[in-house]
Amino acid sequence: MSDNASATRITRGNALRPEDIAVSGLKPSDEVGQYALRLGDDALILAQRLSWWISRAPELEEDVALGNIGLDQLGHARSFLTYAGHAWDKTEDDLAYFRREPEFRSAHLFEQPNGDFACTIARQLVASHFQHELYSRLVDSADETLGAIAAKAVKEVDYHKDHSVQWLLRLGQGTEESRRRMIDGVKLTWPYVEELFEDDDLTTALAEQGVAVLPSELRESFDAAIAAAFEQADLTVPTDPGASGGGRRGHHSEHLGFLLAEMQVLAREYPGASW
Amino acid sequence: MTGGSTTGDDGSKTKGTGVHESRQPWPLWEVFVRSSRGLSHVHAGSLHAPDADMAVRNARDLYTRRNEGVSLWVVPSSAIISSDPDAKGQYFESAQGKDYRHATYYTKSEGVKHL
């Protein structure tokens, strides 16, 4: 972490924008860059998935809600990727649009297809609870920039959590059909929970320096919050075993390639395009 | 999607019966935003939501995303009783020809300061 941090707007008290990070000149180490890349990729891929719902949600109001959540995620992605990019002299766009599938470091949960509305809510439930546990601890990171990004993001993710819980309750306790779909959505989502909480060399090393949060440490409070929400919705938390994962090492499911093709096509077709 | 709990016109929540043959539209809500402390809530628009809790959340998404508000009210549209637009005459024009109702009708007395 550079000493000149105090000369920038990157402090926990300020609402941090990616533009502030871009001009900050802060250069993270390769390791910190790798960590920021993971968090940025999670948020970027989820943002892309959520944006699909605009014009397709059950009601116009829900188009707006899911669209806003997607935009929040995109904002977090921009901050993390801008910061990560500084480690290798790359921009947020270089990282978002000009990396190939094996270079993405997002967990499998985020690339899972939208399915029906209940399936998206199930994915959102897991994603927002995971991110909330993570960011609420990352605010104390020894890396001030990561802490500042987390401090801004955690307030927004708090709302994403609320949104998904509200829908879990309504679908779970609604009609037979909505309940069936919610249960199916949860069942499809659950194999991808495990991967989120796996530690590896990078997170272990950075956690020892007080920079990263060790994923496994988030599990207990995640489980407690999820259990409480499911109990209220009169649903059972699945116990299905986790899928193999590997997203943090660049091993992805078949879904990510299609997502990237759509997300990257314009930037690759017209390099440098702006509007 | 038929939504979770359905909502009566009065905004009360009723548990789903499991026999929704047709898709029920969500009820309409009126949104009031208070822009800063000391000001009253002002009507900002309307929206659809399955129930009161979701109406407040949708209102937050639709009407306060740019720091507009410090407080939100939502009211079921059906709970609002309005005057009849066709009866505008008898409702609002009764003051006509009654100039004494307007403060401007009075002349200021000689020598009164600070009025």
Side-chain angles (χ1 to χ4, degrees), chain A residues 15 50 53-54 56-72 75 114-122 124-125 128 152 155-156 158-185 229 232-235, chain B residues 1-33 36 43-78:
Chain A
L50 287 172
W53 279 105
I54 298 169
R56 294 178 173 102
E59 294 281 350
L60 176 68
E61 284 76 3
E62 202 49 38
D63 279 352
V64 176
L66 288 172
N68 278 334
I69 294 173
L71 277 177
D72 286 346
N114 285 323
D116 63 10
F117 182 70
C119 192
T120 285
I121 291 301
Q124 207 48 40
L125 185 81
S128 58
K152 181 174 186 237
K155 288 179 230 150
E156 297 174 359
D158 193 46
Y159 180 73
H160 306 170
K161 215 170 82 164
D162 176 73
H163 176 268
S164 59
V165 169
Q166 291 299 325
W167 276 115
L168 180 81
L169 299 180
R170 279 161 184 75
L171 296 175
Q173 301 175 325
T175 65
E176 272 176 32
E177 175 72 358
S178 73
R179 184 175 170 82
R180 181 186 68 75
R181 287 183 182 233
M182 195 64 242
I183 291 170
D184 285 354
Q232 218 189 327
D234 198 18
L235 293 166
Chain B
M1 225 252 339
T2 48
S5 19
T6 52
T7 310
D9 277 344
D10 58 354
S12 65
K13 254 206 271 188
T14 55
K15 195 140 182 187
T17 56
V19 282
H20 278 234
E21 283 87 10
S22 63
R23 189 181 181 285
Q24 303 268 328
W26 289 349
L28 194 65
W29 302 77
E30 300 301 325
V31 179
F32 297 81
V33 181
S36 69
H43 185 236
S46 53
L47 53 78
H48 290 92
D51 53 55
D53 287 342
M54 292 304 286
V56 174
R57 287 164 173 82
N58 289 347
R60 175 261 189 198
D61 274 350
L62 288 162
Y63 296 108
T64 70
R65 285 290 288 186
R66 291 167 196 86
N67 275 331
E68 290 95 335
V70 295
S71 168
L72 275 173
W73 285 351
V74 292
V75 178
S77 300
S78 59

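Order of the sequence lines sets the chain letters (A, B, ...), proteins ahead of strands, with each chain counted from 1. Below, all heavy atoms of this structure are taken into account, side chains as well, without hydrogens, waters or symmetry copies.
- Put simply, CG on Asp51(B) and CD on Gln166(A) are 7.5 Å apart, with the number rounded to the nearest 0.5 Å.
- How far CG of Asn68(A) is from CZ of Arg60(B): 7.0 Å, rounded to the nearest 0.5 Å.
- The shortest side-chain heavy-atom distance between Arg57(B) and His163(A) does not fall under the 4.5 Å cut-off.
- Residues forming a side chain to side chain donor-acceptor pair (under 3.5 Å) with Glu61(A) (at least two apart in sequence, or on another chain): none.
- Residues Asp53(B) and Arg170(A) are paired through a salt bridge, judged by an N-O separation under 4.0 Å between the basic side chain and the carboxylate.
- Atom-to-atom distance recorded for Asp63(A):CG and Asp61(B):CG is 11.5 Å, nearest 0.5 angstrom.
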